[in-house]
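One structure below.
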Amino acid sequence: MTEEKSLNFLEEIVENDLKSGKYKSIITRFPPEPNGYLHMGHAKSICLNFGLALKYGGKTNLRFDDTNPVTEETEYVDSIKGDIQWLGFQWAEELYASDYFEKLFEFANVLIKKGLAYVDDSTSEEIALQKGTPTKAGTESPFRNRSIEENLELFASMRAGKYKDGEKVLRAKIDMGHINMHMRDPIMYRIKHAHHHRTGNAWCIYPMYDFAHGQSDAIENITHSICTLEFIPHRELYDWFINNLEIYPSHQYEFARLNLTYTVMSKRKLLQLVNEGHVSGWDDPRMPTLSGVRRRGYTPESIRDFCERIGVAKRENLIDVGLLEFCVREHLNKIALRRMVVFDPVKVTLTNYPEGKSEMLPGEDNPEDPAAASRDIPFSRELYIEAEDFMEVAPKKYFRLAPGQMVRLKSAYIIKCDEVVKDADGKIRELRCSYVPESKSGSDTSGIQVKGTIHWVSVAHAVKITTRMYDRLFKVEDLGSAEGDFKDYLNPDSLQVMDNVYAEPAIRSAGTTDRYQFLRKGYFTLDPDAKGDTLIFNRTVTLRDMWAKETKKH
RNA sequence: UGUCCGAUGGUGUAACUGGCAACACGCCUGAUUUUGAUUCAGGAAAGUCCAGGUUCGAGCCCUGGUCGGACAACCA
């Protein structure tokens with residue numbers, strides 16, 4: 001019958017909650033802080049949160065966790081929204097933690113009135129000292145036992161702007177000896193006289209993550225608040241606030257974040273790459289940001305497929321980027337238009353093809369797609385072929401062009417190399433070949449069997465383009481366990497620009513959302529940056545190259 | 001010296017809750033192929049961190065270890 005795919009542990013939780021009647025439907029949320037661009041790690045979280053709601057008939061809110069005005073910007077809000085939509089998801093509501101500032105302020109007052117929060121005049125150093133260590137209990141602040149009235153008044157004064165940054169904080173009154181460090185009177189509010197991207201200067205006190213997140217979940221009736229492993233110790237505090245405030249009991253669940261080989265997945269470090277100019281921006285095609293991989297030509301479908309394949313669990317993982325590349329290739333193979341492009345041209349003259357003559361030969365746009373169209377490719381006496389598709393002294397198993405050897409020109413004729421013409425310095429200037437007129441593609445009556453097929457462009461008709469070939473930005477496989485500054489692992493050859501590249505004329509109609517397979521060279525997409533007449537293509541991913549593997553073996 | 005989380009082929013994820021460890025990527029072999037791609041067929045690869053225990057039977061349960069990760073920002 002229908003083969004049931006096994007559920008991941010979150011789907012199991014949701015399914016059980018639905019089955020037991022705990023919830024009629026679920027609400028999840030994706031809660032980015034607008035202090036950077038979204039990356040592949042976020043893609044996993046997005047696919048999880050939105051995917052769960054989609055699968056079980058619930059909804060997902062987009063909530064910006066904008067509680068720290070000094071790092072957050074509207075630019076980031078906009079890019080985040082665009083990236084989520086590009087990935088193919090639509091949120092139910094667009095919300096902001098800052099929408100809840102007034103409500104959060106009330107919540108804080110509730111706790112003060114319950115004797116569960118107090119204003120502390122200690123400095124941040126003193127508070128850090130009071131915290132103790134994981135193995136040693138903390139000590140109580142001298143301000144811990146202020147009266148409720150005094151706390152109420154002080155907290156109101158904090159909001160009113162009577163104090164400077166750092167002068168006072170509001171703390172939860174829990175237990176300085178608690179085994180969980182996060183429960184040792186955590187800070188709820190701090191003073192920051194800073195401009196907030198949405199509330200402007202309306203506030204000078206801002207809630208900490210712990211005092212904002214759970215309550216925001218509660219306000220939105222989030223049933224499943226899904227975050228990464230490092231928040232596990234926060235869960236106890238999350239529940240403490242919700243319990244003492246007696247608000248909607250949202251629950252937090254944790255999963256292991258995505259790690260990719262050769263890939264930095266920390267917003268802080270990605271920002272550093274941008275700021276220090278190691279890359280051209282957040283959308284540099286070498287960046288693991290969604291805007292970067294999009295510009296590079298990755299498709300949202302392939303990223304969603306990837307997120308599906310890697311699964312979800314609670315153990316640390318390091319996923320081979322090869323899997324991501326596989327997903328990209330698999331999708332691109334189905335949709336990319338095949339085009340002939342010569343990267344390192346060598347001229348071929350067909351001595352028996354009439355001078356001045358040219359003909360149009362049809363070529364399939366995509367043999368994988370029966371619905372795909374075909375385009376006409378101009379053919380003439382003078383052609384360019386790929387330098388690597390010719391070898392003067394060829395090994396036995398080399399199927400391409402060599403002196404005296406025959407090869408098929410894709411969608412055209414079989415040719416034979418008769419003569420190699422060289423410069424004075426020994427460099428190959430031209431290959432003089434003859435073509436077999438009866439071997440025309442589609443109507444071959446020559447009976448000749450050739451092992452190899454190569455691509456070509458007609459010199460007279462070719463379009464010059466520029467290509468950007470990308471290699472990994474980092475040289476170290478597991479950057480998480482690497483020592484020292486990441487600058488030590490930057491790959492100086494991560495970008496190679498080639499501007500002596502010739503393409504068949506059909507490439508002129510390229511658009512930035514089109515995907516191409518440049519035969520044997522990989523998948524490419526037009527860069528949106530291309531100005532004027534220059535067509536710049538980014539290489540999305542290479543093709544698997546069995547020949548390279550073969551030659552490496554010997 | 002603490003608390004919490006975790007441990008299954010090279011990588012990642014499964015295993016109907018106690019019944020011969022499966023799927024995908026990668027790797028190897030062969031076939032097809034107008035691009036050494038794609039496609040297709042087959043194969044190698046873990047006996048489930050270790051030691052005990054319960055049981056007819058343990059990756060799943062119990063006990064004790066080992067290893068890895070997280071936790072002491074007025075960051076999220």
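Because only heavy atoms are used, hydrogens play no part in the values below, and waters and symmetry mates are left out as well, while side chains stay in. This is a predicted model, so every value here is computed, not measured. Per chain, numbering begins at 1; letters A, B, ... match sequence-line order.
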>> For Phe105(A), does the six-membered ring have the charged nitrogen or CZ of Arg159(A) within the cation-pi criterion, i.e. under 6.0 angstrom from the centroid and within 45° of the normal?
In response: yes
>> Categorize Val312(A) for me: base, sugar-phosphate, or nothing, with a 4.0 angstrom heavy-atom threshold over every strand shown.
In response: sugar-phosphate
> When you look at Thr28(A) and His224(A), which way does the side-chain hydrogen bond (donor to acceptor under 3.5 Å, both in side chains) test go after all the steps?
Replying inline: CA-CA 5 Å; Thr28(A) 58; His224(A) 301 263; over 6 Å; no
>> Taking U54(B) as the reference, what is the distance to C75(B) when you measure between their C1' atoms (whole Å, please)?
In response: 49 Å
> Expressed as a whole number of Å, how far does the C1' atom of A51(B) sit from that of A14(B)?
Replying inline: 27 Å
> So, does the side chain of Ser441(A) form a donor-acceptor pair with the base of U34(B) at under 3.5 Å?
Replying inline: yes
> Is Arg375(A) paired with Glu504(A) through a side-chain N to carboxylate O contact shorter than 4.0 Å?
Replying inline: yes
> Cation over ring, Arg400(A) on Phe390(A), under 6.0 Å and within 45°?
Replying inline: no
> Expressed in whole Å, how much space separates the P atoms belonging to U3(B) and G65(B)?
Replying inline: 12 Å
> Think Lys267(A) forms a cation-pi with Tyr37(A), using NZ or CZ under 6.0 Å from the six-ring centre and within 45 degrees of its axis?
Replying inline: no
>> By nearest heavy atom, map Arg329(A) and Arg235(A) onto RNA chain B; which one lands nearer the 5' end?
In response: Arg235(A)
> Rounded to the nearest Å, what distance is computed from the OH atom of residue Tyr516(A) to the P atom of nucleotide U38(B)?
Replying inline: 22 Å
>> If I pick the P atom on C56(B) and the same atom on G43(B), what distance separates them, to the nearest angstrom?
In response: 37 Å
> Should Arg520(A) be listed as having a side-chain N or O under 4.0 Å from OP1 or OP2 of A37(B)?
Replying inline: no
Could you list, one pair per line, each protein nitrogen or oxygen that sits under 3.5 Å from a nitrogen or oxygen of nucleotides 28-32 of chain B, together with the distance?
none

>> Any carboxylate oxygen within less than 4.0 angstrom of a Lys/Arg side-chain nitrogen, looking at Lys192(A) and Asp165(A)?
In response: no
>> Would the base of G36(B) count as contacting Arg400(A) through its side chain, where contact means a donor and an acceptor less than 3.5 Å apart?
In response: yes
> Angle class for the Tyr238(A)/His213(A) ring planes (parallel below 30°, perpendicular above 60°, tilted otherwise)?
Replying inline: tilted
Polar-atom pairs under 3.5 Å, protein N or O versus N or O of nucleotides 19-24 of chain B: list them with distances, or write none.
unit_1 : atom_1 : unit_2    : atom_2 : d
A24(B) : O2'    : Arg309(A) : NH1    : 2.8

>> Checking understanding here: a glycosidic angle within 90° of 0 is syn, the rest anti, so what is U39(B)?
In response: anti
> Can you check the Lys451(A) NZ to A37(B) C1' distance for me, whole Å?
Replying inline: 16 Å
>> In whole Å, measure the gap between the C1' atoms of U11(B) and G26(B) for me.
In response: 8 Å
>> Can you classify the ring geometry of Phe101(A) versus Trp203(A) as parallel (below 30°), tilted (30 to 60°) or perpendicular (above 60°)?
In response: perpendicular
Under 3.5 Å, N/O pairs linking protein and nucleotides 71-75 of chain B:
unit_1 : atom_1 : unit_2    : atom_2 : d
C71(B) : O2'    : His182(A) : NE2    : 3.4
C74(B) : N4     : Ser122(A) : O      : 3.2
C74(B) : N4     : Ser124(A) : N      : 3.3
C74(B) : N4     : Gly166(A) : O      : 2.9
C75(B) : OP2    : Arg190(A) : NE     : 3.1
C75(B) : OP2    : Arg190(A) : NH2    : 2.8
C75(B) : OP2    : Lys192(A) : NZ     : 3.2
C75(B) : O3'    : Arg190(A) : NH2    : 3.1
C75(B) : O2'    : Asn68(A)  : ND2    : 3.2

> Considering only G12(B), U38(B), G36(B), which nucleotide approaches the side chain of Asn317(A) most closely?
Replying inline: G12(B)
> Within the structure shown, what part of the strands sits under 4.0 Å from Phe306(A) by heavy-atom distance: base, sugar-phosphate, or nothing?
Replying inline: nothing
>> Applying a 4.0 Å non-hydrogen cut-off, can you work out what Asp545(A) is touching in the nucleic acid: base, sugar-phosphate, or nothing?
In response: sugar-phosphate
>> Applying ring-ring contact (aromatic ring centres under 6.0 Å, His included), can you list everything that pairs with Phe143(A), at least two apart in sequence or on another chain?
In response: none
Just the table, please: protein N/O against nucleotides 40-49 of chain B N/O, every pair under 3.5 Å.
none

> In dot-bracket, 5' to 3', how would RNA chain B read with Watson-Crick or G-U wobble pairs under 3.5 Å, [ ] for crossing ones and | for pairs to another strand?
Replying inline: .((((((..((((.....[..)))).(((((.......))))).....(((((..]....))))))))))).....
>> Regarding Glu12(A), tell me which of base, sugar-phosphate or nothing describes its non-hydrogen contacts under 4.0 Å with the strands shown.
In response: base
> Say you pick atom C1' in A45(B) and the same atom in C23(B); how far apart are they, in whole Å?
Replying inline: 15 Å
> Could you give the CE-to-C1' distance, from Met391(A) to G36(B), as a whole number of Å?
Replying inline: 14 Å
> Of all the nucleotides listed (G12(B), U13(B), U34(B)), which has the minimum atom distance to the side chain of Arg408(A)?
Replying inline: U34(B)
> What's the CZ-C1' distance between Arg315(A) and A70(B), to the nearest Å?
Replying inline: 17 Å
>> Can you measure Glu308(A) atom CD to G12(B) atom C1' for me and round it to whole angstrom units?
In response: 14 Å
> Looking only at side chains, do Glu236(A) and Asn180(A) share a donor and an acceptor under 3.5 Å apart?
Replying inline: yes
> His455(A) and Glu386(A): side-chain hydrogen bond (donor to acceptor under 3.5 Å, both in side chains), yes or no, with the steps?
Replying inline: CA-CA 7 Å; His455(A) 55 276; Glu386(A) 207 70 71; 2.8 Å; yes
> Which part of the nucleic acid does Gly138(A) contact within heavy-atom distance under 4.0 Å: base, sugar-phosphate only, or nothing?
Replying inline: nothing
> Between Ile232(A) (CD1) and A76(B) (C1'), how many Å, whole number?
Replying inline: 16 Å
